[in-house]
Number of protein chains: 2
Amino acid sequence: MAGPRWLDDHQQRAWRGYLAMQAQLQAQLGRRLQAESGISLADFDVLVALSERDAPLRVQELADGLQWEKSRLSHHLARMQKRGLVERQDCPDDARGAFIVLSIEGRRAIEQAAPGHVEAVRALVFDGLDDRQVEAWAAISDEVLARVEQDRAKGS
Amino acid sequence: MAGPRWLDDHQQRAWRGYLAMQAQLQAQLGRRLQAESGISLADFDVLVALSERDAPLRVQELADGLQWEKSRLSHHLARMQKRGLVERQDCPDDARGAFIVLSIEGRRAIEQAAPGHVEAVRALVFDGLDDRQVEAWAAISDEVLARVEQDRAKGS
DNA sequence: TCCTGTTCGGTGACACGTCAACGAGTAGCA
DNA sequence: TGCTACTCGTTGACGTGTCACCGAACAGGA
């Protein structure tokens, strides 16, 4: 390695701004969701994934869709099941496997939570950005994500 | 409330892209930092804050600078102290207070970790973006952060 | 001096995420 | 059938983040 190249001023400013924005946005969306609907952002993601595909879902499929580690999902599902948000069914094809389904309570929770959450995202993010900025943001996210995934694949 | 306004297709795409990028970027930077230097992103932030102001820092000042909750910081400092990365000094002016300083070990850790971390940020993020995108990113972050902080102030 | 309200930082309980390891079950092949 | 290798999902240990609450110390006025 030929000595690190540091960030220039613009990059430094963009990076610090991004870090602050990212942390605060996530925290605020989480607080609002918790206050208005009693669920966390993680719960929300699981419930959305389950309700989008309205059929029993294998744990691994769910993990792939969410891009979560299987053990994180396993722990999280156990907690959600204890709170009555999801239910398990056993899987006839594969005795190791498990199916996860939304409970009545879980469906009620996601339907109650979604409008407020979407509204919060719109109010905190998209109401402040014009079309060109939204396009730019998507392009930046795609580019960075591609590099991260390439790096992840290389490093492992 | 007049019924929620949903996100349009571009917004939806930008939002999902951002969420995925954000999660993967953070995870990858954290993994690399942990692997190369044995510290977490949170440790890194604390160590940077302490090393930038090279003087004993009150816990509350540190919390303000990091935008962390005091109790999160208190727990984290306890763990970092146990690992020998920071030290506490008592505060003559205010017997309730505590000063936090980098230990020798902590200074060594941040100096060892920083170049690789900066390099990772550059490689995963800025090498893929041109100047216009970096500017756009900074502007978007500023705009969103301003809205989040306004919302946070209003809601409390 | 005393009382009241506030600030400082820490604590305990609990939810969450990661890692390594596990048992149970499956698949392929001799 | 028996062997090996692998996948499925879970578990336990541990580090982390949040919330409510606490005792100690400070600040200011009666």
Side-chain angles (χ1 to χ4, degrees), chain A residues 22-24 26-35 38-46 56-101 152 156, chain B residues 22-24 26-35 38-46 56-101 152 156:
Chain A
Q22 184 271 106
Q24 297 302 312
Q26 174 135 341
Q28 185 68 1
L29 287 175
R31 272 188 297 263
R32 286 184 61 148
L33 189 59
Q34 189 70 50
I39 64 174
S40 68
L41 285 170
D43 297 332
F44 186 86
D45 289 345
V46 172
L57 216 50
R58 291 291 291 268
V59 173
Q60 188 61 48
E61 285 180 289
L62 195 48
D64 291 345
L66 293 166
Q67 299 260 72
W68 282 17
E69 313 222 348
K70 62 184 178 167
S71 112
R72 174 186 178 186
L73 182 58
S74 182
H75 283 300
H76 205 91
L77 288 174
R79 292 185 294 256
M80 290 180 76
Q81 186 175 18
K82 199 158 59 182
R83 290 190 290 148
L85 294 170
V86 300
E87 287 167 4
R88 291 179 140 83
Q89 293 175 350
D90 40 336
C91 174
D93 303 0
D94 186 338
R96 294 165 301 180
F99 279 127
I100 307 295
V101 278
R152 183 160 166 62
S156 71
Chain B
Q22 184 269 108
Q24 298 303 313
Q26 175 134 345
Q28 186 67 1
L29 287 175
R31 274 188 297 263
R32 286 184 61 148
L33 189 59
Q34 189 71 52
I39 64 175
S40 66
L41 284 171
D43 297 332
F44 185 85
D45 289 344
V46 172
L57 216 50
R58 292 292 291 268
V59 174
Q60 188 61 49
E61 285 180 289
L62 195 48
D64 292 345
L66 293 166
Q67 298 261 70
W68 282 17
E69 312 222 350
K70 62 182 179 168
S71 113
R72 174 184 179 188
L73 182 57
S74 183
H75 281 303
H76 205 92
L77 288 174
R79 293 186 293 256
M80 290 181 75
Q81 185 176 17
K82 198 158 59 183
R83 290 190 290 147
L85 294 170
V86 300
E87 287 166 4
R88 291 177 140 84
Q89 294 174 350
D90 38 339
C91 174
D93 304 359
D94 186 339
R96 295 167 301 182
F99 279 127
I100 306 295
V101 278
R152 182 159 166 65
S156 69

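Chain A is the first sequence line, chain B the second, and so forth, proteins listed ahead of strands; every chain is numbered from 1. From a predicted model like this one, the values you see are computed outputs, not experimental measurements.
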inquiry  = Can you measure A:Met80 atom CE to D:dG9 atom P for me and round it to whole angstrom units?
reply    = 17 Å

ask   = Picking from B:Arg32, B:Arg31, B:Gln34, B:Gln26, what satisfies side-chain contact (heavy atoms from CB on, under 4.5 Å) with B:Leu41?
value = B:Gln26

ask   = How many angstroms lie between CD in A:Glu69 and NE2 in A:His75, if you round to the nearest 0.5 Å?
value = 10.5 Å

request  = State which of D:dA24, C:dG17, D:dT16 makes the closest approach to the side chain of B:Arg96.
outcome  = D:dA24

task = Taking the side chain as every heavy atom from C-beta outward, state whether A:Phe99 and A:Pro92 have any atom pair closer than 4.5 Å.
result = yes

query = What about B:His75, does its side chain sit under 3.5 Å from the base of C:dG12 through a donor-acceptor pair?
reply = yes

ask   = Can you check the A:Gln60 CD to D:dT7 P distance for me, whole Å?
value = 10 Å

task = Quickly work out the A:Arg88 CZ to D:dC8 P distance and round it to whole Å.
result = 16 Å

query = In whole angstrom, what separates B:Gln34's CD from C:dA20's P?
reply = 11 Å

note = By nearest-nucleotide position on DNA chain D, the 5'-leaning member of A:Arg58 and B:Arg79 is A:Arg58

task = Nearest whole angstrom, please: distance from the C1' of D:dT16 to the CG of B:Asp43.
result = 10 Å

Test item: B:Gln81 and B:Ile100 side chains (from C-beta on) under 4.5 Å apart, heavy atoms = no

message = Rounded to whole Å, please give me the gap between CG in A:Asp94 and C1' in C:dT26.
response = 7 Å

key: Closest contact, heavy atoms only, A:Leu77 versus A:Val59   = CD1-CG2, 4.3 Å

key: Nucleotide D:dG17, atom P - distance to CG of B:Leu77 in whole Å   = 12 Å

key: Heavy-atom pair of closest approach, residues B:Gly97 and B:Arg58   = CA-NH2, 3.4 Å

request  = Side chain of A:Ser74 only, please: which of C:dG9, D:dT10, D:dT16 is the nearest?
outcome  = D:dT10

task = State whether B:Arg31 places a side-chain N or O below 4.0 Å from either non-bridging phosphate oxygen (OP1 or OP2) of C:dC19.
result = no

remark   = Under a 4.0 Å heavy-atom cutoff, the residues of residues 63-73 of chain A touching DNA chain C are A:Glu69, A:Ser71, A:Arg72

request  = Rounded off to whole Å, could you give me the CD-to-P distance for the B:Glu61 and C:dT7 pair?
outcome  = 16 Å

inquiry  = Quick check: on DNA chain C, is the nucleotide nearest B:Phe99 upstream (toward 5') of the one nearest B:Ala27, or the reverse? Name the residue that is more 5'.
reply    = B:Phe99

key: Flag side-chain contact, heavy atom, 4.5 Å: A:Arg83 against A:Asp43   = yes

